[in-house]
Structure formats: structure tokens, C-alpha cells
Student: 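Dumping the structure here so I can ask a few things about it.
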Amino acid sequence: QVQLVESGGGLVQAGGSLRLSCAASGRTFSTYAMGWFRQAPGKEREFVASINRSDGGTSYADSVKGRFTISRDNAKNTELQMNSLKTEETGGYYCGAKEAGSNTYNHWGQGTQVTVSS
């Protein structure tokens, strides 16, 4: 019922910035949180940031605090502003949605690639 599409990935040099967007469609009123995750080549998927859709509360991985900002541009889009990017942050970035009453992410986008060069 919820479809997610990520966009905004690309190739940047270390120290540069990118802004990712997650566009949600379908029955989005049932979601209570949106999150961003990433997966580097050969590594496990890791949490990056999340935002509560009812009160706007945010959470960040320690490694990105002060550099990344998650926000809601409107009812459809969840943004991730990434500044001062590091080469080790290269990987696929995925948007996830939690349904109301769930403690797991129920819907996922197909991801957008971020490559940070030296």
C-alpha cells in the first residue's frame, strides 16, 4: 500500500554534499516513522537517521550527527541532507517506512547509489 522511491544519489568528492529525497505514495497515513539506511559494499546495512511523522522527532547514527539532517519537505517527501561526505560513506542509501503499531520497517525503496571519491 506504500511505495517509496529514493532519488538524489550520485558521485561527489570527499567533503562535498548531496541531498537525498524519499517520495512516498499510496496509503501513507498509516506510517508513523520514516528512516534512512545505507549499505557499503561487503558490509551490513546500517541505520543513518529517522523521523517520526507525528511529532517530528529525529534520531541519528553517532557517525553522522552534525553533518546529516533528516526532514520532511511536505506530506510526500522525506529528505536527507548530507554534508562533509566521507569516502567510507559510499554505498546504497535506502528509505524505509514503519506502519502504525509496528516496531519494524515494513516498506522499502529500491535505493539510490552514493559514491564519495577521494
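Atom set for the values below is all heavy atoms of this structure, side chains included, hydrogens, waters and symmetry mates excluded.
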Student: Can you name the closest pair of heavy atoms from V2 and S30 and give their distance?
Tutor: CG2-OG, 4.5 Å
Student: Return all side-chain donor-acceptor pairs below 3.5 angstrom for residues 58-65, not counting sequence neighbours, or 'none' if the list is empty.
Tutor:
residue, atom, partner, partner atom, Å
Y60, OH, I70, N, 2.9
D62, OD1, K65, NZ, 3.1

Student: Shortest non-hydrogen contact from F68 to V48?
Tutor: CD2-CG1, 3.7 Å
Student: Going by the rule side-chain contact (heavy atoms from CB on, under 4.5 Å), which residues pair with V12 if we only count those two or more places apart in sequence or in a different chain?
Tutor: L18, L85, V116
Student: Do you know the tightest heavy-atom contact between A14 and T87?
Tutor: CB-CG2, 4.2 Å
Student: Among residues at least two apart in sequence or on other chains, which ones pass side-chain hydrogen bond (donor to acceptor under 3.5 Å, both in side chains) with S117?
Tutor: none
Student: Strictly by salt bridge (charged side-chain N to carboxylate O under 4.0 Å, His left out), give each pair with a member in residues 105-118 just once, sequence neighbours left out.
Tutor: none
Student: Identify, with sequence neighbours excluded, every residue that meets side-chain contact (heavy atoms from CB on, under 4.5 Å) alongside S25.
Tutor: Q3
Student: With distance as the sole test, does E6 use its side chain to make a donor-acceptor pair with the main-chain N or O of Q110 at under 3.5 Å?
Tutor: yes
Student: Listing request: all salt bridge (charged side-chain N to carboxylate O under 4.0 Å, His left out) pairs with a residue in residues 13-27, at least two apart in sequence or in separate chains.
Tutor: R19-D73, R19-E79
Student: Taking salt bridge (charged side-chain N to carboxylate O under 4.0 Å, His left out) as the cut-off, I'd like each qualifying pair that reaches into residues 40-55, sequence neighbours left out, listed once.
Tutor: R38-E46
Student: Counting only heavy atoms not in E88, do more than 12 fall under 6.0 Å of its CD?
Tutor: yes
Student: Can you name the closest pair of heavy atoms from L80 and A49 and give their distance?
Tutor: CD1-CB, 4.2 Å
Student: How far apart are the closest heavy atoms of G91 and P41, and which atoms are they?
Tutor: CA-CD, 4.4 Å
Student: Go through the structure and list residues passing side-chain contact (heavy atoms from CB on, under 4.5 Å) with A97, not counting sequence neighbours.
Tutor: L4, T31, M34, H107
Student: Return each pair, listed once, that meets salt bridge (charged side-chain N to carboxylate O under 4.0 Å, His left out) where at least one residue sits in residues 108-118; pairs must be two or more places apart or across chains.
Tutor: none
Student: With sequence neighbours excluded, give me every disulfide bond (SG atoms under 2.5 Å apart) pair touching residues 85-118.
Tutor: C22-C95
Student: Once ring pair (Phe, Tyr, Trp, His ring centres under 6.0 Å) is applied, do any residues pair with F37, and if so which ones, sequence neighbours excluded?
Tutor: F47, Y105, W108
Student: Sequence neighbours left out, what passes side-chain contact (heavy atoms from CB on, under 4.5 Å) with T115? Give chain and number order.
Tutor: L11, T90, Q113
Student: Is any side-chain heavy atom of N83 closer than 4.5 Å to one of S17?
Tutor: yes
